[in-house]
**Q** 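Sharing a structure, written as structure tokens. Questions coming.
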Amino acid sequence: MASLPSVVIGYTIKPESEFKRRTATFPSIEKRNSSSSYLEKGFDALSLDLREVESSTYVPLLQKCVEKNSFQEAQIIHGHIIKSGTQEDLFVMTSLVNVYGKCGVMEAARKVFDTLSKRNVVTWTSLMSGYVHNSQPEAAIHVFLEMLENGSYPTNYTLGIILNTCSLLYDVKLGKVVHGYVIKYGLEGDTSVGNALCNLYSKCGGNLDSAMRAFWRIGERNVISWTTIVSACGDNGNSAAGLDLFSAMLEEGIEPNEFILTSVLSLCCTIQATDLGLQIHSLGIKIGYESNLPVTNSLMYLYLKSGWFSEAKKLFDGLEKVSLVTWNAMISGYAQMMDVAENSLVASRNGSEALNIFLRLQRSGLKPDLFTISSVLTVCSNLLALEQGEQIHAQTIKTGFLSEVVVGTALVNMYNKCGSIKKASKAFVEMPSRTLISWTSMITAFAQHGLSQNALVLFDDMRLAGDRPNKVTFVGVLAACSHAGMVDEALTYFDMMKNDFKINPIMDHYGCIIDMFVRLGRLEEAFDFIKKMEFEPNEFIWSLLVAGCRSHGNLELGFYAAEQLLNLKPKDPEIYAMLLNMYISAERWKDASRLRKAMKDEKLMKLKDWSWISIKDKVYSFKPDDKSCTHHQQVDILLRDLLEKSRNLEKNSETEEMEDKETRVHHSEKFAVVFGLLKIQKPAAIRVVKSMIMCRDCHNFVKFVSVLSEREIMVRDSKRLHRFVDGKCSCGDFGSLL
DNA sequence: ATAGGGTTAG
């Protein structure tokens with residue numbers, strides 16, 4: 001490879017006078033028309049009668065094989081060609097090289113090529129194209145050099161392929177050398193060269209402007225040019241520009257095909273331009289792509305991302321054939337729905353459904369790819385289904401997607417969310433390469449587990465590795481400082497983010513700082529910081545302050561913050577319950593009973609309390625005071641026993657509440673945790689997901705159980721993850737609690 | 001006869 005540029009330069013450098021920006025004249029290439037009745041009937045090479053085929057039919061027949069991607073049929077036609085003595089026909093043999101390459105069998109393509117007694121530039125170009133098509137850019141370059149040595153001159157098509165080879169190699173430098181050659185020969189306006197240049201600059205230059213320049217220099221932009229620039233916009237984070245270009249294309253009267261429709265729909269998906277997507281859907285129907293699979297897949301992604309689940313399901317049900325992308329769309333769609341589900345029961349159903357679809361996909365005989373795996377791992381993290389996640393991990397070791405960054409990052413997240421920081425960091429260390437997102441995931445994981453020092457060291461490593469942190473990375477870094485109470489460091493990083501990296505703080509950054517002050521009991525400073533924010537504090541910010549004020553006994557500020565919460569979410573039963581508990585612990589009985597009456601009148605007493613626990617491949621869900629579960633009696637006995645023991649232990653420190661503990665309704669997580677104790681063998685941890693925030697009583701209870709049972713217990717509630725070990729919770733008792 | 005496409009992680 002090292003010698004390559006000089007060879008290319010050696011080839012291109014000629015006396016100045018020879019260039020003069022002439023339009024290249026290429027050796028004229030004979031054109032030939034052919035037609036055949038076989039093609040109209042739709043053909044099947046297996047039933048071809050050799051005697052009926054004329055040599056002029058071979059080329060279109062082989063063309064059909066390319067469309068059908070049928071290596072087998074191409075081989076049969078190859079047999080016919082040999083028997084009929086047509087193997088000296090350059091057109092036919094070039095087609096054959098092309099077909100074999102397109103079917104992914106480069107050995108066959110090369111073999112045919114090597115037997116040829118004469119070749120022209122199209123034959124060489126076809127072979128190169130085959131190597132590019134099969135991700136063997138080095139081989140393509142090699143063929144190019146061979147071609148030059150053989151005295152053939154490249155055409156615009158050859159140069160296009162060479163430029164695509166440069167894209168595959170991420171070799172912009174070599175690409176620019178070729179670009180120079182293109183300019184000298186005045187070929188920038190050529191469609192295939194221009195398309196390839198546009199592709200080169202967007203794919204590996206990361207330079208949308210250069211891509212745009214190349215695009216607008218094309219004399220006759222075809223639908224491929226437009227597709228290239230439209231997806232370039234998407235790749236470079238300017239989806240809106242891509243959508244504008246698409247309408248510009250329509251105005252130029254160029255008819256869209258399935259490729260540009262899918263590209264443009266994917267842009268709609270990234271910026272959630274659902275309305276525009278709808279219009280494109282109807283356009284697609286109008287011009288005959290209603291049952292086109294890739295277009296339908298893209299529409300499904302769009303609708304699922306927009307939460308239009310029934311539309312997506314309609315499309316899915318209407319499909320006669322599905323592809324892996326279809327399954328992936330459905331799985332990632334269900335995974336996304338988990339995040340926005342109204343309660344955790346719905347979320348768990350979505351998760352189970354996603355895993356179900358994963359099973360159906362595998363039964364259908366298709367092989368999952370890296371996108372499938374990363375989606376399924378995300379589902380496992382949301383379900384806290386460590387066992388399932390580990391199984392997928394094991395499966396991935398076999399299928400070989402483990403080296404993919406996307407999969408590695410999904411593994412880090414899965415292990416982290418399931419509470420296993422050791423396995424998360426093992427997965428991280430084993431990744432062959434890392435992206436900004438991988439680093440960020442691991443930094444955040446360390447921060448969440450209270451391993452602040454590790455998080456900050458990793459942040460330095462990341463910068464040493466040359467990756468630039470973004471706003472999410474800083475959320476992790478600030479969370480690490482907050483957890484460790486490192487006030488000076490936190491403020492330094494906060495300034496570094498703003499000044500050195502020019503990142504404007506988002507709500508989450510303020511959240512970390514405020515959380516830090518709150519944990520330290522520096523409530524006034526927390527409040528000052530809230531007042532300094534350039535936007536209105538959200539629910540998360542106020543609930544941090546409420547939690548801190550309760551723990552540190554600043555009632556006045558606490559009630560103020562709770563009021564702000566109620567302003568933001570006026571009818572939220574969770575906030576009312578929290579306020580009620582605050583009145584009770586402040587012994588403001590009058591306020592408490594007034595509030596309780598208001599809650600009854602407004603029907604705000606009903607909390608959406610669900611918990612669930614995932615064991616093996618099943619998800620078990622629980623309601624408050626649940627008597628419906630399968631092992632109700634055993635759960636009930638053990639729960640009573642544990643409650644009894646915990647009461648004895650804390651008898652003295654207990655503050656009397658209005659409700660009688662004997663008759664009170666128990667929240668769902670108690671049942672889920674006890675069920676876990678019964679069903680999950682030691683020493684495995686117990687992982688429970690809960691739909692609302694934990695209350696103090698349950699928090700204390702689980703702390704106690706973690707001591708008594710000597711088990712690690714995790715409860716992920718609607719606000720944060722609580723990890724109980726030896727009677728201590730990772731939230732440091734500063735998590736917002738009811 | 002040679003050129004192009006869709007999903008993705010915090």
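The chains referred to below are lettered A, B, ... by the order of the sequence lines, with proteins before strands, and numbering in each begins at 1.
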**Q** Looking across every strand, which nucleic acid part, if any, lies under 4.0 Å from A:L265 by heavy atom: base, sugar-phosphate, or nothing?
**A**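 Here A:L265 touches no strand at all.
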**Q** How is A:T440 classified with respect to the nucleic acid when contacts are heavy atoms under 4.0 Å: base, sugar-phosphate, or nothing?
**A**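 Here A:T440 touches the bases of the nucleic acid.
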**Q** Which nucleotide sits closest to the side chain of A:S441: B:dA9, B:dG5, B:dG10?
**A** B:dG10
**Q** Rounded to the nearest Å, what distance is computed from the CD1 atom of residue A:I503 to the P atom of nucleotide B:dG10?
**A**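 Spelled out: CD1 on A:I503 to P on B:dG10 is 18 Å.
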**Q** If the plane angle is over 60° it's perpendicular, under 30° parallel, otherwise tilted; pick one for A:W216 and A:W226.
**A** perpendicular
**Q** Tell me: CG of A:L197 to C1' of B:dG4, nearest whole Å?
**A**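 These atoms are roughly 15 Å apart.
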**Q** Strictly below 4.0 Å, N to O, side chains only: are A:E404 and A:R434 in salt-bridge contact?
**A** no
**Q** Which nucleotide, B:dT8, B:dA3, B:dG6, lies nearest any side-chain atom of A:V406?
**A**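 Looking only at side-chain atoms, A:V406 lies closest to B:dT8.
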**Q** Would you say B:dA1 has OP1 or OP2 under 4.0 Å from some side-chain N or O of A:K64?
**A** no
**Q** B:dG4, B:dG10, B:dT8: which one has an atom nearest the side-chain heavy atoms of A:K417?
**A** B:dG10
**Q** So A:K471, base contact, sugar-phosphate only, or nothing? Heavy-atom distance under 4.0 Å.
**A**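 Touches nothing.
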**Q** Nearest to the side chain of A:K102 - B:dG6, B:dA1, B:dA3?
**A** B:dA3
**Q** Can you tell me how far P of B:dA9 sits from CD1 of A:I331, to the nearest Å?
**A** 14 Å
**Q** Would you say the side chain of A:N222 and the base of B:dG4 hold a donor-acceptor pair, judged only by whether the two atoms sit under 3.5 Å apart?
**A** no
**Q** Report the nucleotide, chosen from B:dG6, B:dT2, B:dA9, that has the shortest atom-to-atom distance to any side-chain atom of A:T435.
**A** B:dA9
**Q** Less than 4.0 angstrom between a side-chain N/O of A:Q336 and OP1 or OP2 of B:dA9, yes or no?
**A** no
**Q** If we count only N and O atoms by modelled type, under 3.5 Å, do the side chains of A:H449 and A:N454 hold a donor and an acceptor together?
**A** no
**Q** Could you tell me the separation between the CZ atom of A:F246 and the P atom of B:dG5, rounded to a whole number of Å?
**A**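 Roughly 16 Å, once rounded to whole Å.
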**Q** Is there a donor-acceptor contact under 3.5 Å linking the side chains of A:D190 and A:S192?
**A**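 On atom types as modelled, these side chains qualify, holding a pair under 3.5 Å.
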**Q** Atom CD1 of A:I229 to atom C1' of B:dA3: distance rounded to whole Å?
**A**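 Rounded to the whole Å, the gap is 16 Å.
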**Q** Are any of A:S129's side-chain N or O atoms less than 4.0 Å away from OP1 or OP2 of B:dA3?
**A**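 Looking at the OP1 and OP2 atoms of B:dA3, one of them is under 4.0 Å from a side-chain N or O of A:S129.
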**Q** Looking at B:dT2, I'd like to know if its phosphate oxygens (OP1 or OP2) sit under 4.0 Å from a side-chain N or O belonging to A:N98.
**A** yes
**Q** Counting the atoms with a prime plus P, OP1 and OP2 as sugar-phosphate, which does A:N413 contact under 4.0 Å by heavy atoms, base, sugar-phosphate, or nothing?
**A**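 Contact class for A:N413: sugar-phosphate only.
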**Q** Taking only residues two or more places apart in sequence, or in another chain, which ones meet A:F446 in a ring-ring contact (aromatic ring centres under 6.0 Å, His included)?
**A** none
**Q** Nearest whole Å is fine: how far is B:dT2 C1' from A:Y131 OH?
**A**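 Distance check: A:Y131 OH to B:dT2 C1' gives 16 Å.
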**Q** State which of B:dG6, B:dG4, B:dA9 makes the closest approach to the side chain of A:T227.
**A**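 Taking heavy atoms from C-beta onward, the closest nucleotide is B:dG4.
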**Q** Just call it for A:S332: base, sugar-phosphate, or nothing, with non-hydrogen atoms closer than 4.0 Å on any strand.
**A**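 Nothing, no nucleic acid heavy atom in range.
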**Q** Just call it for A:K305: base, sugar-phosphate, or nothing, with non-hydrogen atoms closer than 4.0 Å on any strand.
**A**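 No contact.
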**Q** Could you tell me whether A:N164 contacts a base, only the sugar-phosphate backbone, or nothing, with contacts defined as non-hydrogen atoms closer than 4.0 Å?
**A**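 Since only primed, P, OP1 and OP2 atoms lie under 4.0 Å of A:N164, the category is sugar-phosphate.
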**Q** Need one value for A:E404: base, sugar-phosphate or nothing, where a base atom within 4.0 Å counts as base even if backbone is also close, heavy atoms only.
**A**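 Contact class for A:E404: none.
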**Q** Side chain of A:I437, heavy atoms from C-beta onward: which of B:dG10, B:dG5, B:dA3 has the nearest atom to it?
**A**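 Shortest atom-to-atom distance from the side chain points to B:dG10.
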**Q** Mind telling me whether A:W327 and A:F316 have parallel, tilted or perpendicular rings, with 30° and 60° as the class edges?
**A**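 Rings of A:F316 and A:W327: perpendicular, as their planes differ by over 60°.
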**Q** Checking only heavy atoms, does the side chain of A:D190 share a donor-acceptor pair with the base of B:dA3 at less than 3.5 Å?
**A**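 For A:D190, whose side chain was compared with the base of B:dA3, there is no donor-acceptor pair (under 3.5 Å).
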**Q** May I have the distance from A:L267 (atom CG) to B:dG5 (atom C1'), rounded to whole angstrom?
**A**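 The distance from CG of A:L267 to C1' of B:dG5 comes to 12 Å, rounded to the nearest Å.
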**Q** What nucleotide among B:dG6, B:dG10, B:dA9 has an atom nearest to a side-chain atom of A:T444?
**A**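 That would be B:dG10.
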**Q** With respect to the side chain of A:T155, which nucleotide from B:dA3, B:dT2, B:dT8 is positioned closest?
**A** B:dT2
**Q** Can you list the residues that meet the side-chain contact (heavy atoms from CB on, under 4.5 Å) rule with A:N134, with sequence neighbours excluded?
**A**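 Result, side-chain contact (heavy atoms from CB on, under 4.5 Å) vs A:N134: A:M106, A:Q136.
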**Q** Starting at CD1 of A:I443 and ending at C1' of B:dA9, how long is that distance when rounded to a whole Å?
**A**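 Going from CD1 in A:I443 over to C1' in B:dA9 covers 15 Å.
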**Q** A:V472 side chain: which of B:dG5, B:dT8, B:dG10 is closest?
**A**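 For the A:V472 side chain, the nearest candidate turns out to be B:dG10.
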**Q** Are A:T94 and B:dT2 close enough that a side-chain N or O sits under 4.0 Å from OP1 or OP2?
**A** no
